[in-house]
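Have a look at the structure below, then the notes.
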Amino acid sequence: TSQTSKTDDPQLKREIRLMKNREAARECRRKKKEYVKCLENRVAVLENQNKTLIEELKTLKDLYCHKSVLGKDLQKAAR
Amino acid sequence: TSQTSKTDDPQLKREIRLMKNREAARECRRKKKEYVKCLENRVAVLENQNKTLIEELKTLKDLYCHKSVLGKDLQKAAR
Amino acid sequence: MAASNNPRKFSEKIALHNQKQAEETAAFEEVMKDLSLTRAHRLQLQKTQYLQLGQSRGQYYGGSLPNVNQIGNSAMDLPFQTPF
Amino acid sequence: MAASNNPRKFSEKIALHNQKQAEETAAFEEVMKDLSLTRAHRLQLQKTQYLQLGQSRGQYYGGSLPNVNQIGNSAMDLPFQTPF
DNA sequence: CCAGGCTGACGTCAGCCGAC
DNA sequence: GTCGGCTGACGTCAGCCTGG
């Protein structure tokens, strides 16, 4: 006899496969979008950190080179 | 009379539109891929600069706090 | 391929980037904290120096007055001058 | 929409990122160059100090010897001690 | 106003790679 | 080995925005 116990129907198997791949594609696109946003956010964070580090390095270098840093220190200590 | 001078044929217009959108989609995917690679490369560059700046800041801070920095200086001057 | 540096799944890529960002942010804030302490300490010592300036004038008794232009310059006694 | 901070076209996004990266790399290399000069100058002055140490000993004639432990410490004469 | 250029999102096919 | 989960690439539709 024709055993249709599980999914021996080729058309049904195909539809099931297409359905699963459809959902998988949606989730994959979602994850990829999240990944790109993660990259952009990471770039922004690293950008700010690099700017801060460069400013701090300039301050320390100028301090070491006898340039008055009192103003910046007082300004930073005021807030 | 039936004027077919340009593209009054609706089927032909559709095919032309589909063709153009096909090529546009290819170029768009190519640009998006290049953009993601640009982001990843930018992250890597910012990462290295961040590491270098932090190391340099540590060195200058330690130097200012009386820690001997002669070894690192000689090491960096050797190469 | 789970421990690869360039995973195939987006989830692993996101996890790797979040991990790196956490480490780098920790190191960054560590350095900034140390610099803040250094700045605070420098400021405190500058104030101390400024307040004790009237009393410490005794060491110049009978000699020349200190160079007032150098007061407030936090690096005035460095062993070598590097004005780049 | 060409001058927007978040353009729609990928080409403009790539152009913006390349521009920012160029500026940041320029600032980065500028600071690193200055630090290299500072380091070189510091090294040269340390060597000069070291080589002139034998001749400058005359200033201690009849007095106490200089503290050898402080030789090689490039920040030994700082106005305030901040050993964080 | 609207025709056209780019892009977001979808479904489908093909291929890779790990788990079974 | 095969099988299933993810992803790369494709073509298509829908929508935004700008130039004409």
Side-chain angles (χ1 to χ4, degrees), chain A residues 1-47, chain B residues 1-47, chain C residues 1-23, chain D residues 1-23:
Chain A
T1 65
S2 61
Q3 265 296 83
T4 61
S5 62
K6 287 279 188 174
T7 53
D8 291 355
D9 189 356
Q11 295 183 6
L12 185 56
K13 282 193 65 176
R14 169 179 167 84
E15 284 189 11
I16 290 182
R17 176 170 53 88
L18 287 185
M19 169 77 80
K20 280 198 172 183
N21 187 251
R22 221 177 308 168
E23 299 176 2
R26 272 200 294 266
E27 199 63 21
C28 186
R29 283 192 297 267
R30 189 166 179 263
K31 282 294 178 182
K32 182 169 185 176
K33 191 176 176 181
E34 181 182 348
Y35 171 63
V36 173
K37 285 189 178 181
C38 170
L39 280 181
E40 293 173 337
N41 172 71
R42 185 160 162 73
V43 165
V45 170
L46 284 171
E47 213 170 310
Chain B
T1 65
S2 62
Q3 265 295 82
T4 62
S5 60
K6 289 278 187 176
T7 52
D8 290 356
D9 188 357
Q11 296 183 5
L12 184 57
K13 282 193 65 177
R14 169 179 168 84
E15 285 190 11
I16 290 182
R17 177 170 52 87
L18 288 184
M19 169 77 80
K20 280 198 172 183
N21 189 251
R22 221 177 308 168
E23 298 177 1
R26 272 200 294 266
E27 199 64 19
C28 186
R29 284 191 296 265
R30 189 166 177 259
K31 283 292 178 184
K32 181 168 186 177
K33 190 175 175 181
E34 180 184 350
Y35 170 62
V36 174
K37 285 189 177 181
C38 170
L39 281 181
E40 294 172 336
N41 171 71
R42 184 161 164 71
V43 166
V45 170
L46 285 170
E47 213 169 311
Chain C
M1 199 61 181
S4 176
N5 293 330
N6 196 27
R8 191 161 160 262
K9 291 176 62 64
F10 287 132
S11 314
E12 303 175 1
K13 290 188 178 184
I14 296 177
L16 271 181
H17 276 287
N18 285 338
Q19 176 185 349
K20 284 187 180 180
Q21 183 159 349
E23 298 174 1
Chain D
M1 198 60 182
S4 176
N5 293 331
N6 197 27
R8 189 160 162 264
K9 290 176 62 65
F10 287 134
S11 314
E12 304 175 1
K13 290 188 178 183
I14 296 178
L16 271 181
H17 275 287
N18 284 338
Q19 176 186 347
K20 285 188 179 179
Q21 182 158 351
E23 298 174 2

| field | C/Lys13 side chain near C/Lys9 side chain, heavy-atom distance below 4.5 Å | value | no
| For the pair made of CD in C/Glu12 and C1' in F/dC6, what is the distance, rounded to whole Å? | 11 Å
| Rounded to whole angstrom units, what separation is found between the NZ atom of A/Lys32 and the P atom of E/dA9? | 12 Å
| Rounded to the Å, how far apart are B/Asn21 CG and E/dA3 P? | 17 Å
| Distance check: side-chain N/O of B/Lys33 vs OP1/OP2 of F/dA9, anything under 4.0 Å? | yes
| request: Check whether any side-chain N or O of B/Lys31 sits under 4.0 Å from OP1 or OP2 of E/dC6, and answer yes or no. | output: no
| remark: note: B/Tyr35, atom OH; E/dT7, atom P; distance rounded to Å ~ 12 Å
| message | Under the salt bridge (charged side-chain N to carboxylate O under 4.0 Å, His left out) definition, can you give me all pairs with a residue in residues 16-26 of chain B, not counting sequence neighbours? | response | none
| With nearest nucleotides of DNA chain F determined for B/Arg14 and C/Lys9 from heavy-atom distances, which residue corresponds to the more 5′ nucleotide? | C/Lys9
| remark: Value for SG (A/Cys38) from CG (C/Leu16), rounded to nearest 0.5 Å, stands at 10.0 Å
| With sequence neighbours excluded, residues passing salt bridge (Lys or Arg N to Asp or Glu O under 4.0 Å) with B/Glu34 | B/Lys31
| said: The criterion is side chain to side chain contact (heavy atoms under 4.5 Å, CB included); which residues satisfy it with A/Glu47, sequence neighbours excluded? | reply: A/Val43, B/Arg42, D/Lys20, D/Glu24
| So, does the side chain of C/Arg8 form a donor-acceptor pair with the base of F/dC6 at under 3.5 Å? | yes
| message | Can you measure D/Lys13 atom NZ to E/dC6 atom P for me and round it to whole angstrom units? | response | 15 Å
| Set of salt bridge (Lys or Arg N to Asp or Glu O under 4.0 Å) partners for A/Arg30, sequence neighbours left out | A/Glu27
| task | Give, ordered by number, those residues of residues 22-29 of chain A having at least one heavy-atom distance below 4.0 Å to an atom of DNA chain E; if nothing qualifies, reply none. | result | A/Arg22, A/Ala25, A/Arg26, A/Arg29
| note | Rounded to 10°, the helix from E/dC1-F/dG20 to E/dC20-F/dG1 deviates from straight, judged by its five-pair end axes, by 0°
| query | B/Arg17 has an atom CZ; how far is it from atom P of E/dG4, in whole Å? | reply | 10 Å
| Quick one: is E/dC10 close enough that its OP1 or OP2 comes under 4.0 Å of any side-chain N or O from A/Arg30? | no
| said: If you compare every side-chain N and O of B/Lys20 against the phosphate oxygens of E/dG5 (OP1, OP2), does one of them come in below 4.0 Å? | reply: yes
| remark: CD (C/Glu23) and CG (C/Asn18) are apart, to the nearest 0.5 Å, by 11.5 Å
| Mind checking whether B/Tyr35 and D/Phe10 have parallel, tilted or perpendicular rings, split at 30° and 60°? | parallel
| Is there a side-chain contact (heavy atoms from CB on, under 4.5 Å) between A/Asn41 and A/Lys37 once you walk through the steps? | CA-CA 6 Å; A/Asn41 172 71; A/Lys37 285 189 178 181; over 6 Å; no
| Atom-to-atom span, CG of D/Asn6 to C1' of F/dC16 - whole angstrom | 14 Å
| request: Assign each of B/Met19 and C/Ser11 to its nearest nucleotide of DNA chain F by heavy atoms, then name whichever residue's nucleotide is nearer the 5' end. | output: C/Ser11
